[in-house]
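Data first, discussion second: the structure below is written as structure tokens.
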Amino acid sequence: MTVHQRTRTDDPHYIRLHESDNVAIVVNSFGLPPGTQFSDGLVLKEFVPQGHKVALTDLADGAPIRRYGEVIGYAIGDIPQGSWVEESKVRMPSPPALDSLELGTRVPAPLPPLEGYTFEGYRNPDGSVGTKNILAISTSVQCVAGTLDFAVRRIKEELLPKYPNVDDVVPLTHACGCGVAINAPQAVIPIRTLQSLARHPNFGGEVMIVGLGCEKLQPERLLPDDKQGVVRLQDDSFHGFGDMIEAIMEMAEARLKVLHARKRETVPASELVIGLQCGGSDAFSGVTANPALGFAADLLVRAGATVMFSEVTEVRDAIHLLTPRAVNEDVARALVREMAWYDDYLAQGQADRSANPSPGNKKGGLANVVEKALGSVAKSGSSAISGVLAPGERVKERGLIFAATPASDFVCGTLQLASGMTLQVFTTGRGTPYGLSAAPVIKVATRTELAERWRDLIDVNAGRIATGDATIEEVGWEIFHPNPIRLSA
Ligand code: CA
């Protein structure tokens with residue numbers, strides 16, 4: 001990576017990521033005007049906004065445009081050196097063909113183990129370790145959501161203060177459970193997600209279910225093993241709304257008592273299950289925050305933790321960089337399976353990959369999904385990929401795992417929680433006030449402007465990488481030592 005470092009804050013500078021790149025992105029806040037000269041002599045022919053691409057050489061009509069050392073598109077018309085390479089001048093390439101990928105051909109050697117890192121967690125009887133102590137109340141059907149929300153407000157006001165060791169009460173409400181063919185093959189994902197969520201390490205094995213009674217998805221299917229713990233609103237013994245609320249509160253209090261007795265203990269960092277995600281991405285995501293997160297992911301894998309990356313939508317166009325890293329052919333084929341599912345899904349919806357990126361992503365400098373994908377997969381670091389999860393499946397292996405989810409932030413977050421994620425790291429460039437109620441989220445800004453404007457939302461400022469004030473490695477270590485789950489040696 002070549003960072004044309006400034007000597008003063010307002011000196012013009014750009015970032016070129018790979019020696020074969022013929023475009024670079026402008027780093028200066030608010031962009032740079034025509035006539036601007038960089039320290040290497042390059043002169044801007046026109047205004048280039050911050051995060052957008054400038055042509056480093058003359059690009060003839062149809063010439064490949066290279067960023068990250070990969071082709072992100074082809075020039076539409078001649079693009080002279082020093083011009084703004086904006087979205088309308090870039091023709092999107094075809095996605096990598098799924099039938100000619102290298103499968104497990106270049107498996108990275110394991111990096112030296114990082115020993116002795118620990119955190120304070122809640123150990124569960126099933127061997128999992130939580131980062132929070134939460135009473136979760138799940139639901140078998142959408143019809144009970146309003147009643148449960150009312151009950152949860154009262155539980156929080158009247159019961160939770162009596163059990164200070166419990167962090168929160170979280171209702172798991174959703175739009176499923178009835179009205180569709182509940183056992184149809186395509187319905188497997190929401191049901192599996194609810195089943196997996198009920199076993200989440202932060203819920204301590206004490207999830208209870210609120211059901212209606214007549215729904216297709218019977219509540220027992222969501223409970224772990226033979227646990228008792230269902231309140232059915234149609235129960236014959238209930239005379240009206242007051243009885244229902246009382247029954248929910250009574251069961252909730254019994255579980256709060258058990259959860260209150262949980263104690264944090266020092267456990268090895270290898271017990272952490274970390275999810276990686278980006279949202280509201282810009283052209284800096286793949287330059288600052290995501291590579292720093294990739295470095296942190298490698299550190300976490302070295303410490304023996306489980307690290308999940310996701311977002312099929314943004315992995316599809318970089319899949320040729322990932323299948324060679326799979327530990328074996330089976331894992332590589334599982335990656336291909338998830339990409340093929342996405343291709344079929346787009347075909348069924350008569351959509352194509354240009355549905356992504358979003359208008360805001362484009363405003364931030366991302367021309368197309370290829371450029372977005374190359375920046376997105378930087379989160380995965382450089383370790384071997386040791387497993388693949390279908391959406392909502394619970395994680396079994398340690399190391400770097402691909403958990404198939406959409407890129408949509410809260411859907412991805414929910415599915416990573418279902419897979420057992422106990423801590424998420426979320427990178428953002430455009431900015432999103434994202435959070436999850438069931439696990440802590442460390443938020444990393446790609447740009448200093450955002451980190452300063454959203455001081456109370458951003459935990460780590462990776463924008464310092466673009467301005468030459470910190471290295472990818474330094475910010476990676478900062479992410480590895482996060483609040484509130486501070487890893488200590
Ligand atoms: Ca996302």
Side-chain angles (χ1 to χ4, degrees), residues 51 189 193 273-294 296-297 307-319 322 335 338-339 341-342 345-346 351 353-381 388-392 395 400-447 450 454 457-460 462 479:
I189 292 174
T193 300
V273 182
I274 293 116
L276 315 178
Q277 203 198 161
C278 53
S281 299
D282 65 2
F284 286 107
S285 297
V287 178
T288 61
N290 290 352
L293 182 48
V307 181
M308 294 189 280
F309 72 110
S310 294
E311 301 174 293
V312 171
T313 344
E314 291 162 14
V315 163
R316 174 66 184 90
D317 280 272
I319 192 65
L322 299 176
L335 277 168
E338 295 302 329
M339 300 304 119
W341 180 92
Y342 177 57
Y345 176 75
L346 285 178
R353 294 138 64 231
S354 61
N356 195 337
S358 70
N361 293 153
K362 291 177 179 177
K363 206 174 165 200
L366 293 172
N368 58 34
V369 72
V370 180
E371 187 176 13
K372 188 174 179 178
L374 292 167
S376 180
V377 300
K379 295 197 292 291
S380 69
V388 175
L389 299 174
V395 72
L400 182 66
I401 307 290
F402 178 71
T405 77
S408 177
D409 296 346
F410 288 99
V411 183
C412 172
T414 303
L415 288 169
Q416 287 190 343
L417 283 170
S419 293
M421 169 186 77
T422 52
L423 171 67
Q424 196 179 50
V425 187
F426 185 92
T427 66
T428 185
R430 305 288 300 163
T432 166
Y434 173 89
L436 295 170
S437 47
V441 178
I442 311 295
K443 280 199 286 299
V444 183
T446 72
R447 295 176 299 126
L450 179 69
W454 283 14
L457 284 166
I458 301 297
D459 301 292
V460 177
I479 296 170

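Whatever order the structure lists ligands and atoms in, that order sets their numbers, starting from 1.
Between Ser310 and the options Gln416, Glu338, Gln277, a side chain to side chain donor-acceptor pair (under 3.5 Å) holds for only Gln416.
None of the N, O or S atoms belonging to Cys412 lies under 3.0 Å away from the Ca ion (ligand 1).
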Pairs under 3.5 angstrom only: tabulate donor-acceptor contacts from the side chains of residues 436-446 to other protein residues two or more places apart or in another chain.
{"residue": "Lys443", "atom": "NZ", "partner": "Tyr434", "partner atom": "O", "Å": "2.9"}
{"residue": "Thr446", "atom": "OG1", "partner": "Asp282", "partner atom": "OD1", "Å": "3.1"}
{"residue": "Thr446", "atom": "OG1", "partner": "Asp282", "partner atom": "OD2", "Å": "3.3"}

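The Ca ion (ligand 1) lies at the vertex of an angle of 80° between the OD1 atom of Asp409 and the OE1 atom of Gln277 (rounded to 10°). Geometry at the Ca ion (ligand 1): OE2/Glu311 and O/Ala407 form an angle of 100°, nearest 10 degrees.
Salt bridge Glu311/Lys379: present, at least one basic N to carboxylate O contact under 4.0 Å.
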Run the numbers on Leu450 and Phe284 for side chain to side chain contact (heavy atoms under 4.5 Å, CB included), then give the verdict. CA-CA 12 Å; Leu450 179 69; Phe284 286 107; over 6 Å; no
